[in-house]
Student: 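I'd like to ask you about the structure that follows.
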Amino acid sequence: MNKVAIITGASRGIGAATARKLSADGWKVALVYNNSEAQVSLLASQLGNGSMAYRCDVKDVQKVNETVAAILADFGRIDLLVNNAGIAQQKLFTDITDGDWDDMILTNLSGAFYFSRAVLGDMIKRKSGKIINIASMWGETGGSCEVHYSAAKAGMIGMTKALAKEVALSGITVNAVSPGVIRTDMLSSFSESELEALRHEIPLDRLGTPDDVASAVAFLASEGADYITGQVLSVNGGLVI
Ligand code: NDP
């Protein structure tokens, strides 16, 4: 297979697991990261098969456009975009500052908009491509003390459904994967006892792993999912049904 995937936030957690899974499935992967240079360099060397790392802050629209142009120059095509880069923050709604709000929306929603717009030119020209957005169960249900995060992820789900309709005739699918509680650095603000309490609420009785999410992404990226678009695939152990 000669297909090329871009994964944002590929240096750690769900993005890194997705890069490993897609690479094992034969994809060439452009690994987009922001700060974690050592981790992403190690990952790129482990993956081999032409995978390369690109530093890009997804909040910076000019850098996003330059990065997509560089990936196109290096690989010649883009078949899949996984909008995974994200941040989380727990705060009372009334404590959220303008800066917190802007950072959350820019990183978790605008970044996906910038990357999707930048790759669509090539995909529409070739009448082929897939976009997969990593949303969150909080985008489906709303999470107390995570209103800005929930709003960004709900926006991502709306963008998924609307864009899926708009680009379907161009042969492009757009879907979202909506993780529940997944053990990554993003949960570092929770204590082990808080995580244990969360586990008790999950019908499948365990926290999710980055590989659980990566498997869902790999399915939606595969030819087996060619007739699926505009959907939200929840990976949450039954926590939200
Ligand atoms: P991690 O905190 O482990 O990793 C976050 C990734 O996003 C890193 O690779 C980081 O890059 C990248 N990133 C953050 N900000 C930027 C930015 N401005 N520009 C470019 N890259 C950036 O998080 P997870 O793996 O847990 O989360 C991945 C996605 O899954 C996120 O969108 C998150 O909201 C979503 N999710 C996670 C859940 C969980 O329980 N873990 C649950 C539901 C959804 P670097 O380190 O290089 O700066």
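Everything quoted here is computed from the prediction, not taken from an experiment. Computed over heavy atoms, backbone and side chain alike; hydrogens, waters and symmetry mates excluded.
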Student: Just by modelled atom types, is the M137 backbone N or O under 3.5 Å from a matching donor or acceptor in the S178 side chain?
Tutor: yes

Student: Write down the atom of M156, the atom of A112, and the distance for their closest heavy-atom approach.
Tutor: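 Minimum heavy-atom contact is CE-CB, 3.8 Å.
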
Student: If the test is side chain to side chain contact (heavy atoms under 4.5 Å, CB included), which one of N83, L22, V32, L80 qualifies with I7?
Tutor: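 That would be L22.
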
Student: Linking I/L/V/M/F/W/Y whenever any side-chain heavy atoms sit under 4.5 Å apart, do V82 and I131 land together?
Tutor: no

Student: Would you please name every residue forming a side-chain contact (heavy atoms from CB on, under 4.5 Å) with V4, sequence neighbours left out?
Tutor: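 For V4, the residues satisfying side-chain contact (heavy atoms from CB on, under 4.5 Å) (neighbours in sequence not counted) are K28, F75, R77, D79.
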
Student: Quick one, M123 and I78 - any side-chain contact, counting heavy atoms below 4.5 Å?
Tutor: yes

Student: Heavy atoms, side chains only, cut-off 4.5 Å: are V68 and L81 in contact?
Tutor: no

Student: Search all heavy atoms of N108 against all heavy atoms of K153 and return the closest pair with its distance.
Tutor: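 So the two residues come closest at ND2-CE, 4.0 Å.
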
Student: As an exercise, state the distance from NZ of K21 to OG1 of T18, rounded to the nearest 0.5 Å.
Tutor: 10.5 Å

Student: Before giving the answer on side-chain contact (heavy atoms from CB on, under 4.5 Å), spell out for L195 and R183 the whole-Å C-alpha distance, their side-chain angles and the decisive distance to 0.1 Å.
Tutor: CA-CA 9 Å; L195 292 176; R183 202 180 258 283; 3.8 Å; yes

Student: Between the side chain of S116 and the main-chain N/O of F113, is any donor-acceptor distance below 3.5 Å?
Tutor: no

Student: Sort out for me which residue in H200, E192, E194 forms a side chain to side chain contact (heavy atoms under 4.5 Å, CB included) with E196.
Tutor: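 Looking at H200, E192, E194, the match for E196 under the side chain to side chain contact (heavy atoms under 4.5 Å, CB included) is H200.
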
Student: Consider only side-chain heavy atoms of I, L, V, M, F, W and Y, link residues closer than 4.5 Å, and tell whether M159 and I172 are in one cluster.
Tutor: yes

Student: So for atom CG, which belongs to D98, do other residues, nucleotides or ligands contribute more than 12 heavy atoms lying within a distance under 6.0 Å?
Tutor: no

Student: Please step through side chain to side chain donor-acceptor pair (under 3.5 Å) for the pair N84 and T8, ending with a clear verdict.
Tutor: CA-CA 5 Å; N84 165 77; T8 67; 5.4 Å; no

Student: Got a second to check how far N133's CG is from L163's CG, nearest 0.5 Å?
Tutor: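 Reported value, rounded in 0.5 Å steps: 8.0 Å.
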
Student: Determine the minimum heavy-atom distance between P210 and G13, stating which atoms define it.
Tutor: CB-O, 3.8 Å

Student: If every non-hydrogen atom of L43 is compared with every non-hydrogen atom of A10, which pair is closest and at what distance?
Tutor: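 In terms of heavy atoms, the two residues are closest at CD2-O, 3.3 Å.
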
Student: Apply side-chain contact (heavy atoms from CB on, under 4.5 Å) to the pair L72 and V119, showing each step before the final yes or no.
Tutor: CA-CA 9 Å; L72 269 173; V119 302; over 6 Å; no

Student: State, without any angle test, whether S51 and N49 hold a side-chain donor-acceptor pair at a distance under 3.5 Å.
Tutor: yes

Student: With rounding to the nearest 0.5 angstrom, report the NZ to CH2 distance, K3 to W27.
Tutor: 5.0 Å

Student: Does some side-chain heavy atom of R55 sit less than 4.5 Å from a side-chain heavy atom of Y33?
Tutor: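 With C-beta onward as the side chain, the pair touches.
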
Student: What verdict does the side-chain contact (heavy atoms from CB on, under 4.5 Å) test give for R12 and T184, after you've listed the backbone C-alpha separation in whole Å, the side-chain angles of each residue and the deciding distance to 0.1 Å?
Tutor: CA-CA 8 Å; R12 296 182 284 121; T184 69; over 6 Å; no

Student: Can L109 be reached from I157 by stepping across I, L, V, M, F, W or Y side chains whose heavy atoms are under 4.5 Å apart?
Tutor: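 No, because I157 and L109 fall into different hydrophobic clusters, even though each may have its own neighbours under 4.5 Å.
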
Student: Evaluate the salt bridge (charged side-chain N to carboxylate O under 4.0 Å, His left out) criterion for residues K63 and D57: first the C-alpha distance (whole Å), next the side-chain angles of each, then the deciding distance (0.1 Å), finally the verdict.
Tutor: CA-CA 7 Å; K63 187 69 186 161; D57 181 345; over 6 Å; no

Student: Going by heavy atoms in the side chains, are K59 and D102 under 4.5 Å from each other?
Tutor: no

Student: Are the side chains of Q89 and D100 in contact, using a 4.5 Å heavy-atom criterion?
Tutor: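 A side-chain contact under 4.5 Å exists here.
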
Student: Measure from the side-chain N and O atoms of D74 to the backbone N and O of I71, and report whether any donor-acceptor pair falls under 3.5 Å.
Tutor: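 Looks like no, no N/O pair under 3.5 Å.
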
Student: Taking the side chain as every heavy atom from C-beta outward, state whether Y114 and V58 have any atom pair closer than 4.5 Å.
Tutor: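 Answer no - side chains too far apart.
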
Student: Evaluate the salt bridge (charged side-chain N to carboxylate O under 4.0 Å, His left out) criterion for residues R199 and D205: first the C-alpha distance (whole Å), next the side-chain angles of each, then the deciding distance (0.1 Å), finally the verdict.
Tutor: CA-CA 6 Å; R199 178 177 74 79; D205 197 31; 2.7 Å; yes

Student: Using a 4.5 Å cut-off on heavy atoms from C-beta on, say whether the side chain of W101 contacts that of I105.
Tutor: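 Yes - at least one pair of side-chain heavy atoms lies under 4.5 Å apart.
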
Student: Would you say that E146 contacts Q90 through its side chain, given a criterion of any heavy-atom pair below 4.5 Å between the two side chains?
Tutor: yes

Student: Would a hydrophobic clustering, with Ile, Leu, Val, Met, Phe, Trp and Tyr connected at side-chain separations under 4.5 Å, put F190 with I87?
Tutor: yes

Student: Side-chain polar contacts of residues 219-236 - donor-acceptor pairs under 3.5 angstrom, sequence neighbours left out - could you list them?
Tutor:
residue : atom : partner : partner atom : Å
S222    : OG   : F219    : O            : 2.6
S222    : OG   : G224    : N            : 3.3
D226    : OD1  : K130    : NZ           : 2.6
T229    : OG1  : V174    : N            : 2.9
T229    : OG1  : V174    : O            : 3.4
Q231    : NE2  : T229    : O            : 3.1
S234    : OG   : E140    : OE1          : 3.3
S234    : OG   : E140    : OE2          : 3.2
N236    : OD1  : G238    : N            : 2.8
N236    : OD1  : L239    : N            : 3.2
N236    : ND2  : V240    : O            : 3.0

Student: CG/N65 to CD/Q62 distance, rounded to the nearest 0.5 angstrom?
Tutor: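 Rounded to the nearest 0.5 Å, the CG-CD separation comes to 8.0 Å.
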
Student: Using 0.5 Å steps for rounding, measure from the CG atom of L47 to the CG atom of L31.
Tutor: 6.0 Å

Student: Does one hydrophobic cluster hold both I132 and V167, with members joined at side-chain heavy-atom distances below 4.5 Å?
Tutor: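 As far as the 4.5 Å side-chain criterion goes, V167 and I132 are not connected within one cluster.
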
Student: Looking at every non-hydrogen atom in both residues, tell me the closest pair between I202 and G237 and how far apart they are.
Tutor: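 Result for this residue pair: CG2-O, 3.6 Å.
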
Student: Look only at the side chain of S36 and the backbone of S11, and say whether a donor-acceptor pair between them is shorter than 3.5 Å.
Tutor: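 Checked: no pair found.
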
Student: Show the numbers, then the answer: is there a side-chain contact (heavy atoms from CB on, under 4.5 Å) between L187 and I182?
Tutor: CA-CA 8 Å; L187 299 189; I182 311 297; 5.8 Å; no

Student: Can you check whether D185's main-chain N or O pairs, donor with acceptor, with S188's side chain at less than 3.5 Å?
Tutor: yes

Student: Indicate the atoms forming the closest heavy-atom contact of D211 with A17, along with that distance.
Tutor: OD1-CB, 3.5 Å

Student: Would the number of heavy atoms belonging to other residues, nucleotides or ligands and lying under 6.0 Å from NZ of K161 be above 12?
Tutor: no

Student: Give, for atom CG of D60 and atom OG of S110, the distance between the pair rounded to the nearest 0.5 Å.
Tutor: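 If we round to the nearest 0.5 Å, D60:CG and S110:OG are 12.0 Å apart.
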
Student: R206 vs D212, test: salt bridge (charged side-chain N to carboxylate O under 4.0 Å, His left out). Steps then yes/no.
Tutor: CA-CA 12 Å; R206 66 171 175 87; D212 289 324; 2.8 Å; yes

